[in-house]
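Okay, so here's the structure we're looking at.
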Amino acid sequence: MKPLTLLPLLGLLAACAPTTQAQPIYTFEGNTRFVFLVQKIRVTYTVNPVTHEARGEYRNLSSGDTFTLRGTHLPSARGDLLTATIDPGDTPRLNASLLGLGIGNVPLKASGTLAATITAGTLTGTLRVNGFNYPITLTRTP
């Protein structure tokens with residue numbers, strides 16, 4: 001077979017090859033109040049444009065704690081909807097007992113759920129931690 005006759009076949013095979021799509025990076029930052037303390041928060045994540053899966057991190061800049069963020073970022077008519085779990089990952093755990101009664105394997109940092117709407121560069125929603133809802137408003141940063 002001549003090399004020139006293979007050229008159309010190679011062109012067809014190249015057309016079937018999967019292409020990679022750039023995943024947009026979203027970063028939001030701001031202050032929010034948890035119980036009585038104002039905390040500076042930064043949320044950074046990427047979105048898979050095909051599956052709408054969001055992955056990144058939730059960082060409390062005031063305390064230095066970093067959590068993993070995993071969920072979905074879906075477009076809607078009212079603005080993009082972000083629903084994600086915030087997980088402390090591998091964190092120290094509390095094990096204590098007194099007179100045979102005790103607690104074990106309790107994480108020192110709590111996980112949470114973030115439900116937010118993104119409109120005009122603002123992330124507005126609720127962070128639910130240990131059964132309590134905290135309003136959160138963050139601004140998109142470049």
Side-chain angles (χ1 to χ4, degrees), residues 3-142:
L4 291 178
T5 58
L6 291 178
L7 206 51
L9 180 61
L10 292 174
L12 287 173
L13 288 175
C16 295
T19 59
T20 59
Q21 293 181 336
Q23 294 184 353
I25 299 172
Y26 294 89
T27 301
F28 295 92
E29 195 170 297
N31 296 321
T32 191
R33 181 179 299 274
F34 295 106
V35 186
F36 299 112
L37 301 172
V38 175
Q39 302 286 311
K40 186 168 182 77
I41 304 298
R42 180 184 298 143
V43 173
T44 304
Y45 62 94
T46 59
V47 177
N48 182 320
V50 176
T51 63
H52 302 288
E53 180 183 22
R55 286 181 165 212
E57 69 179 18
Y58 173 97
R59 181 172 287 180
N60 185 330
L61 299 174
S62 298
S63 68
D65 293 331
T66 301
F67 301 82
T68 58
L69 179 143
R70 182 174 272 163
T72 57
H73 180 121
L74 298 170
S76 83
R78 296 179 291 134
D80 292 352
L81 302 175
L82 174 65
T83 305
T85 57
I86 310 296
D87 185 30
D90 193 19
T91 184
R93 298 185 178 271
L94 177 65
N95 293 304
S97 67
L98 180 64
L99 300 173
L101 301 172
I103 56 175
N105 207 24
V106 177
L108 296 179
K109 295 180 187 175
S111 59
T113 304
L114 176 63
T117 303
I118 301 165
T119 55
T122 303
L123 182 146
T124 307
T126 303
L127 180 64
R128 185 172 180 82
V129 180
N130 290 334
F132 294 100
N133 291 328
Y134 301 100
I136 189 168
T137 302
L138 306 174
T139 305
R140 187 157 186 189
T141 60

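Numbers for residues simply follow the sequence, beginning at 1.
Taking every heavy atom of both residues into account, V38 and R33 meet most closely at CG2-NH2, 3.7 Å. In terms of heavy-atom proximity, L82 sits nearest to A54 at CD1-CB, 4.1 Å.
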Run the side-chain contact (heavy atoms from CB on, under 4.5 Å) test on T124 and T119 for me, step by step, so that the C-alpha distance in whole Å, both residues' side-chain angles and the decisive distance to 0.1 Å come before the verdict. CA-CA 8 Å; T124 307; T119 55; 5.6 Å; no
Walk me through it: do T68 and I86 pass the test side-chain contact (heavy atoms from CB on, under 4.5 Å)? CA-CA 6 Å; T68 58; I86 310 296; over 6 Å; no
For side-chain contact (heavy atoms from CB on, under 4.5 Å), just list the numbers for L127 and Y58, CA-CA rounded to whole Å, side-chain angles, deciding distance to a tenth of an Å, and then say yes or no. CA-CA 11 Å; L127 180 64; Y58 173 97; 3.4 Å; yes
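The side-chain contact (heavy atoms from CB on, under 4.5 Å) check on T46 picks up Q23, I25, with sequence neighbours excluded. Applying the side-chain contact (heavy atoms from CB on, under 4.5 Å) test to E57 and every residue at least two apart in sequence or in another chain returns R59, T66. Partners of R55 according to the salt bridge (Lys or Arg N to Asp or Glu O under 4.0 Å) rule, which considers only residues two or more places apart in sequence or in another chain, are E53. Judged as a side-chain contact (heavy atoms from CB on, under 4.5 Å), and not counting sequence neighbours, the contacts of Y134 are F34, V35, V129, F132. In this structure, the side-chain contact (heavy atoms from CB on, under 4.5 Å) partners of L81, at least two apart in sequence or on a different chain, are S76, R78, T117. Checked against side chain to side chain donor-acceptor pair (under 3.5 Å), T137 has no partners two or more places apart in sequence or in another chain.
Taking CG of L114 as the start and OG1 of T83 as the end, the distance is 8.0 Å to the nearest 0.5 Å. Between atom OG1 of residue T72 and atom CG of residue N48 there is a gap of 12.0 Å, rounded to the nearest 0.5 Å. Of the inter-residue distances, the one linking I136 atom CD1 with T32 atom OG1 reads 5.0 Å to the nearest 0.5 angstrom. Note that OG1 of T141 and CD of E29 are 5.5 Å apart. Values are rounded to the nearest 0.5 Å. Separation of atoms CG (L123) and OG1 (T27) is listed at 11.5 Å; rounding is to 0.5 Å. Here the CG atom belonging to L37 is positioned 12.0 Å from the CG atom belonging to N31, to the nearest 0.5 angstrom.
Using bins of under 30°, 30° to 60° and over 60° for the plane-to-plane angle, the ring pair Y45/F28 lands in the parallel bin.
Side-chain atoms of L61 and I41, non-hydrogen and from C-beta on, never get closer than 4.5 Å to each other. Inter-residue side-chain proximity for T44 and R42 is flagged as met; some heavy-atom pair is nearer than 4.5 Å.
Side-chain atoms of T85 and D87 include no donor-acceptor pair closer than 3.5 Å.
Formation of a donor-acceptor pair under 3.5 Å by the S62 side chain with backbone atoms of K40 is found in this model.
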